[in-house]
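Chain A is the first sequence line, chain B the second, and so forth, proteins listed ahead of strands; every chain is numbered from 1.
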Protein chains: 2
Amino acid sequence: MYNTKIKILNASVRLFNENGIDSVRLQQIADESEMSVGNLAYHYKSKDVLIEAVYERVFDEFNEIFRHYLKRPDLADFDIQISIYYTFFSRNRFYLSEFFKANNSTAPHYLQWQDCTAKMLLQLRSRLQFMVRKNELLPEKEPGQYELLAEQIWMSLVFFIPKSNMIGQHYDEISYKKNIWNLLRPYFGPDGLEEFRALIVPVLF
Amino acid sequence: MYNTKIKILNASVRLFNENGIDSVRLQQIADESEMSVGNLAYHYKSKDVLIEAVYERVFDEFNEIFRHYLKRPDLADFDIQISIYYTFFSRNRFYLSEFFKANNSTAPHYLQWQDCTAKMLLQLRSRLQFMVRKNELLPEKEPGQYELLAEQIWMSLVFFIPKSNMIGQHYDEISYKKNIWNLLRPYFGPDGLEEFRALIVPVLF
């Protein structure tokens with residue numbers, strides 16, 4: 001993609017995050033991109049075309065996250081994936097907002113989003129099972145325990161930033177990641193705990 | 001409050017939930033309330049006045065929940081409070097949507113909402129401490145464990161319904177309540193487990 005297009009998309013996302021898609025005008029995006037509206041329109045004919053391009057990039061980024069699944073077998077691999085989720089959800093706050101607008105099923109790209117969130121859950125579940133097989137996590141004490149844990153981790157990945165905003169709590173990448181590791185912590189076996197203390201604690205805690 | 005006013009407020013909330021506050025017109029609210037716009041305007045001069053009345057009732061309901069805190073010392077008391085939360089969050093879905101719009105701090109009644117969510121967390125924390133003192137919950141294995149659990153319960157109370165919508169999962173009061181009890185379950189001591197099996201399991205599981 002041309003640099004100019006990337007510049008315009010970045011400026012749009014910044015403004016969408018701050019003000020909501022609806023209230024941002026092309027003139028503002030042009031100003032934020034440091035170009036004339038004419039020049040902007042040369043790259044993106046209308047606001048609708050621009051919005052579509054923004055969404056396309058959101059889902060490219062989302063799918064990029066999935067490709068980072070289990071590149072290495074250790075806990076640090078999950079830590080990297082959490083970082084990528086943090087970057088994604090803090091950079092694209094506007095999308096979650098659009099999603100919460102009124103009837104969910106009318107949100108733009110509802111099905112794509114639903115598909116992505118289902119994939120997130122699937123990867124989380126598989127990763128937990130993988131950690132159990134590697135003896136990092138204890139075997140399930142009751143059936144469905146790790147299913148529930150996967151859902152809790154999913155909720156924290158998606159809602160930690162809006163939650164912090166709602167209760168007026170400061171957040172950053174460290175607090176985001178700590179929150180996820182704290183959810184996993186009670187389930188570590190001796191091996192997992194040792195690895196956690198060696199790889200994750202020194203960096204985060 | 002007059003019956004007519006209640007009827008109008010209920011109709012407004014139903015429409016706000018379905019379509020978002022911005023896109024609902026007074027005419028639609030009048031139709032949904034089965035009255036003329038003139039009659040509607042007699043009770044609420046403008047859409048802004050009506051919106052304010054809707055918010056006022058939202059916060060009345062929210063504060064009503066807090067008054068239901070620990071009316072009885074047993075686990076069924078918490079079950080009742082979870083039910084009330086379910087009713088509140090399923091009935092007022094539009095508010096969470098408004099909150100997610102763009103910049104949180106510009107959401108209507110931002111400070112009131114922040115105040116309510118802080119109170120929710122406070123009550124959850126105290127309730128967990130109360131359950132520990134009553135030997136229903138095991139003592140903390142590591143410091144901060146119940147602080148984290150309170151936050152997880154808070155997230156589920158607030159985001160369970162949007163989460164279900166996002167992943168295209170059916171939800172109802174039973175699944176909402178089960179989810180919360182499943183979070184608590186691993187922390188029950190023998191007394192708590194016995195009470196849980198006697199009071200909660202027969203109704204929910």
Visitor: Between NZ of B:K163 and CD of A:E151, what distance do you get to the nearest 0.5 Å?
Guide: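 Between atom NZ of B:K163 and atom CD of A:E151 there are 3.5 Å.
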Visitor: So for atom CD, which belongs to A:E142, do other residues, nucleotides or ligands contribute more than 12 heavy atoms lying within a distance under 6.0 Å?
Guide: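 Counting other residues, nucleotides and ligands, CD of A:E142 exceeds 12 neighbours.
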Visitor: So does A:E194 have more than 12 non-hydrogen atoms from other groups sitting under 6.0 Å from CD?
Guide: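 Atom CD in A:E194 is not packed in, count stays at 12 or less.
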Visitor: So which part of A:Q145 gets closer than 4.5 Å to some heavy atom of chain B, the side chain, the backbone, both or neither?
Guide: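 For A:Q145, no heavy atom lies under 4.5 Å from chain B.
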Visitor: Less than 4.5 Å to any heavy atom of chain B: does that hold for the side chain of A:L149, its backbone, both, or neither?
Guide: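 Contact with chain B is absent: no heavy atom of A:L149 under 4.5 Å.
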Visitor: How about B:E173: does its CD atom have over 12 heavy atoms from other parts shown lying under 6.0 Å from it?
Guide: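 Above 12, so yes.
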Visitor: Under 4.5 Å from any heavy atom of chain B, what part of A:S156 do you find: side chain, backbone, both or neither?
Guide: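 When you check distances to chain B, atoms from both the backbone and side chain of A:S156 fall under 4.5 Å.
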Visitor: Mind listing the closest non-hydrogen atom pair of B:F160 and A:M155 along with its distance?
Guide: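 Residues B:F160 and A:M155, closest heavy atoms: N-CE, 4.0 Å.
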Visitor: Which atom names give the shortest non-hydrogen contact between A:Q152 and B:L183, and what distance separates them?
Guide: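 For A:Q152 and B:L183, the tightest heavy-atom pair comes out as CD-CD2, 3.2 Å.
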